[in-house]
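Before any comments, here is the structure.
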Amino acid sequence: MSFIINPYRFSGLNSLNTSLIAYWKLNEASGTRFDSVGSNDLADRNTVTSAAGKVGNAAEFVAANVEDLNIADNADLSMGDNVSYTIAGWFRITSTAVTQQIITKRTGGNDGTLKEYMLRLDNGDPTLYWANSVDTSFDKLSWGVTLSTATWYFFVFGYDATADQFFVNINNATAVTKADSIGSWNQLNPFQIGGANDDANFDGLIDEVGVWKRVLTSGEQTELYNSGNGITHPF
């Protein structure tokens, strides 16, 4: 009798590990949230707590407390000119009535020099913002649907340098896209989950956030979504 062994099962060669830069399971009860891939551990500002998440525990944010998880600008999390990248994870919102930032690489203010990239909810509608030149200009791409409270959503956003377009995808549907030949303009902003410098902080849960410096295939996004159940690193 012979057996066929899948080499990917034992070798760590699952394609989701390719160009994976950082991954935060966000299982910790409080304090530092550790990067399970590299050295991009996130500092806890104003005591982000935890609650039951999509997989294990999740980081729980209270907007009124001005909480976030953050790390200073570095080469891993900067997306220079014409760099492909994907950021994916899960969130569950408490309210849709205000602007709430989910993933940001920005400082305060509302111009292009202060936001490298940002996924936020604009009255419940997931919207991606990015700086698109060295001056103060920026652009945005909205998902176009107001989401519900008390519901887990899988998000994927980023930039495809081959197709020259930004993309946003919720719950593994067909992505919305917007043409752009430059990509995110590399700046010195910190990377943050749940807010950015006392501005439009998140209210709810965020879980299982990963950063890839490439575009995930539709099959890889489907694997992460896992029929709405999610998965966690190591893949």
Side-chain angles (χ1 to χ4, degrees), residues 2-27 33-42 53-59 69 71 74-91 102-103 105 116-117 119 126 128 130 141 143 152-184 186 191 193 206-235:
S2 61
F3 297 90
I4 298 175
I5 299 175
N6 181 353
Y8 292 93
R9 181 179 177 186
F10 301 103
S11 67
L13 294 178
N14 184 309
S15 64
L16 283 170
N17 292 303
T18 301
S19 299
L20 177 61
I21 301 300
Y23 195 96
W24 302 279
K25 299 181 181 183
L26 302 177
N27 285 334
R33 270 49 170 196
F34 295 100
D35 177 6
S36 64
V37 174
S39 58
N40 289 293
D41 300 338
L42 301 175
K54 174 51 66 173
V55 181
N57 289 332
L69 302 171
I71 186 171
N74 65 68
D76 284 346
L77 301 174
S78 290
M79 307 303 171
D81 310 341
N82 212 36
V83 171
S84 292
Y85 69 93
T86 303
I87 300 178
W90 292 84
F91 66 84
I102 304 169
I103 305 291
K105 192 170 184 300
E116 185 173 327
Y117 54 81
L119 181 69
L128 173 61
W130 65 92
L141 169 64
W143 175 245
W152 279 104
Y153 292 100
F154 175 63
F155 68 84
V156 177
F157 73 90
Y159 180 69
D160 184 338
T162 300
D164 287 335
Q165 64 185 18
F166 282 88
F167 56 88
V168 175
N169 191 348
I170 301 295
N171 281 351
N172 203 36
T174 300
V176 296
T177 63
K178 189 167 187 177
D180 189 299
S181 62
I182 298 174
S184 296
N186 187 10
F191 176 90
I193 296 177
I206 300 176
D207 202 8
E208 302 293 331
V209 176
V211 178
W212 290 259
K213 280 204 171 170
R214 65 180 180 89
V215 178
L216 295 183
T217 67
S218 59
E220 290 167 336
Q221 293 181 43
T222 297
E223 184 177 355
L224 285 172
Y225 183 61
N226 190 24
S227 301
N229 297 309
I231 60 174
T232 191
H233 184 265
F235 305 120

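Below, each value reflects all heavy atoms present in this structure, side chains not excepted, and no hydrogens, waters or symmetry copies. Quick caveat, the model's predicted, so the values are computed rather than measured.
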- Task: Could you list the residues that satisfy ring-ring contact (aromatic ring centres under 6.0 Å, His included) with W24, not counting sequence neighbours?
- Result: F191
- Would you say Y23 and F235 make side-chain contact, with heavy atoms under 4.5 Å? yes
- Item | Partners meeting salt bridge (charged side-chain N to carboxylate O under 4.0 Å, His left out) with K54 (sequence neighbours left out) | none
- So, the side chain of D35 versus the backbone of D41: is there a donor-acceptor pair under 3.5 Å, distance only? no
- Message: Tell me every residue that passes side-chain hydrogen bond (donor to acceptor under 3.5 Å, both in side chains) with N226, counting only those two or more places apart in sequence or in another chain.
- Response: none
- Query: To the nearest 0.5 Å, what is the distance between CG (L128) and CG (L141)?
  - Reply: 6.0 Å
- Item | Between CG on residue L77 and CD1 on residue I87, distance to nearest 0.5 Å | 7.5 Å
- Side-chain contact test, heavy atoms from C-beta onward, threshold under 4.5 Å: evaluate it for L216 versus L224 and give yes or no. yes
- Task: Could you pull out the closest heavy-atom pair between V156 and A88, with the gap in Å?
- Result: CG2-CB, 4.0 Å
- Message: Could you tell me if the side chain of E116 sits less than 4.5 Å from the side chain of N186, heavy atoms only?
- Response: yes
- Query: ring-ring contact (aromatic ring centres under 6.0 Å, His included) with Y85: which residues, sequence neighbours excluded?
  - Reply: Y117
- In short, salt bridge (Lys or Arg N to Asp or Glu O under 4.0 Å) pairs touching residues 216-235 with sequence neighbours left out are R214-E220
- Under the side-chain hydrogen bond (donor to acceptor under 3.5 Å, both in side chains) test, residues paired with N57 that sit two or more places apart: none
- Using a 4.5 Å cut-off on heavy atoms from C-beta on, say whether the side chain of I103 contacts that of I193. yes
- Query: Measuring from L20:CG to K213:NZ, what's the distance to the nearest 0.5 Å?
  - Reply: 12.5 Å
- Query: Roughly how far apart are F91 CZ and I102 CD1, rounded to 0.5 Å?
  - Reply: 4.0 Å
- Compare every heavy atom of L69 with every heavy atom of A59, then report the nearest pair and how far apart it is. CB-CD1, 4.1 Å
- Are V215 and T162 side-chain neighbours, meaning at least one heavy-atom pair lies under 4.5 Å? no
- Query: Just checking, is any N or O donor in the side chain of W152 or D207 under 3.5 Å from an acceptor N or O on the other one?
  - Reply: no
- Going by the salt bridge (Lys or Arg N to Asp or Glu O under 4.0 Å) test, which pairs reach into residues 162-172, not counting sequence neighbours? none
- Item | Set of residues satisfying side-chain hydrogen bond (donor to acceptor under 3.5 Å, both in side chains) with respect to N169, sequence neighbours excluded | Q221
- Sequence-distant partners of Y225, ring-ring contact (aromatic ring centres under 6.0 Å, His included), two or more places apart: W90, F154
- What salt bridge (Lys or Arg N to Asp or Glu O under 4.0 Å) pairs are there with at least one residue in residues 167-177, not counting sequence neighbours? none
- Min side-chain heavy-atom separation T86-F167 under 4.5 Å: yes
- Message: When you measure from the side chain of W212 to the backbone of L16, do you find a donor-acceptor pair of N or O atoms at a distance under 3.5 Å?
- Response: yes
- Quick one: side-chain hydrogen bond (donor to acceptor under 3.5 Å, both in side chains) partners of S84, sequence neighbours excluded? none
- Message: Ignoring hydrogens, what is the shortest heavy-atom contact between V55 and E208? Give both atom names and the distance.
- Response: O-OE2, 3.4 Å
- Query: Between OG of S181 and CG of N82, what distance do you get to the nearest 0.5 Å?
  - Reply: 7.5 Å
- Just by distance, do the side chain of K25 and the backbone of H233 share a donor-acceptor pair under 3.5 Å? yes
- Between N74 and D76, is there a donor-acceptor pair closer than 3.5 Å when you use the side chain of the first and the backbone of the second? yes
- Query: Taking only residues two or more places apart in sequence, or in another chain, which ones meet Y159 in a ring-ring contact (aromatic ring centres under 6.0 Å, His included)?
  - Reply: F166
